[in-house]
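So the structure is just underneath, and the comments pick up after that.
Below, chain A is the first sequence line, B the second, and so on; all start at residue 1. The structure presented is a predicted model; accordingly, all values stated were derived computationally and were not measured.
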Amino acid sequence: MIDATTAFPPARGSSGERLATAAVWSSALLVVGVSVWMLGGLFWQGAGRINWAFLTTEPANAGRSGGIAPMLASTVLVLGVALAVSVPLGLGAAVLLAEFTDSGSVFGRLVRRSLDVLAGVPSVVFALFGNALFCQYLGLGYSILAGGLTLACMVLPVLIRATEEGFRAVPEDYRRAAAALGMSRTGTLWHVLLPAAAPGLAVGLVLGIGRVLGETAALLFTSGYVDRMPESLLDSGRTLSVHIYDLSMNVTGGDANACATAVVLVVLLLVVNAAAGWIARHWMRGKRISE
Amino acid sequence: MSAGSYFEVSDMSLHYGAKCAFESVVMSVPRGEVTALIGPSGCGKTSFLNCLNRLIDLAPGARVTGSVRAGGLDLYAPTTDLLALRRRIGMLFQKPNPFPLSIRRNLELPLREHGIRDKRRLEETVEHALRDVGLWEEVKDRLDRPALQLSGGQKQRLCLARALVLEPEALLMDEPCSALDPLASAVVEDLIKRLRGRYTLLVVTHHLAQARRLADHVGLFWMLEGRGKLIEWGPAGQIFEAPREALTAEYVRGRQG
Ligand SMILES: Nc1ncnc2c1ncn2[C@@H]1O[C@H](COP(=O)(O)OP(=O)(O)OP(=O)(O)O)[C@@H](O)[C@H]1O
Ligand SMILES: [Mg+2]
């Protein structure tokens, strides 16, 4: 019988190897440590103030006391507008780029390069653009609609590129198999490629949602910071991130509520991402398994 | 066997850009019989097969000249309906390539694409096709599980079933057994034998013994001066026992071993 320990001696190896192992482990620990410290501190300070009333009442005394109901509503609305606009557009553009243009063509390269540049443009620039186009030129004023549209512009590049990568990751075999079965291009796209590319779309969504929920600058210029409950998409509204910014920069004594709001924001982010993943999976299961 | 030929290839050549893949192929493929294509690697067998259902249209820079008729229809006429054409001429690839969907959906998808929506009819056709390839007993309890969980041999049989649900007239098979172990490969080979008569079958194989066992007709491709050529084609008896070309004799004998 072969003794496993002698057949595969443990990699005791050189001191260089041990050093590398130590370096890898310590950097991993550092990353985890910083995250735990940050989130832990946040929850430690903020979680205690969160209760049902905090989530369902209007703020009082410039936000030092009271709740965050209007901000929660505005955040969800802005996110809804941004996704409702950017997801269909992003999907369409990604399909065009991945399936209908040659990857080496001038057009394809130009569009891809522009998107990569756009993805790196600071949000203040989008803020100025959104303000000029949506608030002033289109006359939407400071409104949730204007804010959502601005954020849609902001997340589109990331969404398009991630989804395009998803489509490109689908093996050529599937396209050939579908073509050999006499399937139409749209049929192939909808029934074969889309389910297979869904993971890419999900990555794009998670990145986009994170960017929307965390945005302040672009919204200060477009949806404003009125802290009343919005009555329509044309009302101004203050999102959670803007609220946190305002409480910690402009309101003395607002730190405690800022922390509590931040906790709500983090939890919301996790919940929305989980929901997006769940929807993508179920939608895929619907497409893949049954029907 | 029924008389007449299904594919009529006359003076067909294929270029990838400036590079010639094969040249001046003349061949007729008898209806309802098994025709094997043999020959060394890189001489254009796969490319030739792709020309017969116009899958070659997907390859950038590919240019076909000459003419092919399939069941009397000119494949490369500008009026040819590509989707209908590929429905009539099915294909099985070297590497099994079921869609990353459920087993059932793999079979239903092509049917739905061609306008068949009736639930009962779908179910019956799926079961029939799976029985045809001897897969029904193995998968009837897990039709809704992912097809990618099947074994290699099962996947290839599923792909065959997927081609069969469309009731094609001809099937093009590109080394359908080469990615399978000997047992699974024997199963697929038996299937091909059972399909003889019902479909016109064109099978590329690297396995001379397999060509001997399966084929009614054989064509030998060879590389001459950097271009693929169809050296000789005819009844299996002629190719294996009394070849006309010296090259054929050499190839057939050399591999007899
Ligand atoms: N899409 C393509 N673009 C350019 N050249 C190609 C393409 N496909 C095949 N070729 C070339 O055409 C020639 C014939 O290839 P093909 O795959 O048809 O050979 P084959 O006989 O099937 O070989 P094998 O037995 O190894 O499968 C090869 O030289 C190959 O490099
Ligand atoms: Mg080949």
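Under a 4.0 Å N-O distance rule, the pair B/Glu124/B/Arg121 does not qualify as a salt bridge. The existence of a salt bridge linking B/Arg86 and B/Asp81 is excluded, since no basic side-chain nitrogen approaches an acidic carboxylate oxygen closer than 4.0 Å.
Interface summary for chain A: among B/Leu109, B/Asn53, B/Ile89, the most heavy-atom pairs under 4.5 angstrom belong to B/Leu109. When the candidates B/Met91, B/His114, B/Lys95 are compared by the number of heavy-atom contacts under 4.5 Å with chain A, B/His114 comes out ahead.
Within the 4.5 angstrom heavy-atom criterion, only backbone atoms of B/Pro98 (N, CA, C, O) approach chain A. Using a 4.5 Å cut-off between heavy atoms, B/Leu82 does not touch chain A at all. When heavy atoms are compared at a cutoff of 4.5 Å, B/Arg88 does not approach chain A at all.
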Item to check | Step-by-step side chain to side chain donor-acceptor pair (under 3.5 Å) determination, A/Glu215 to A/Ser241 | outcome: CA-CA 6 Å; A/Glu215 189 50 46; A/Ser241 294; over 6 Å; no
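Taking NE2 of B/His207 as the reference point, atom CD of B/Glu189 lies at 7.5 Å (rounded to 0.5 Å). To the nearest 0.5 Å, atom CZ of residue A/Arg176 and atom CG of residue B/Asn50 are 5.5 Å apart.
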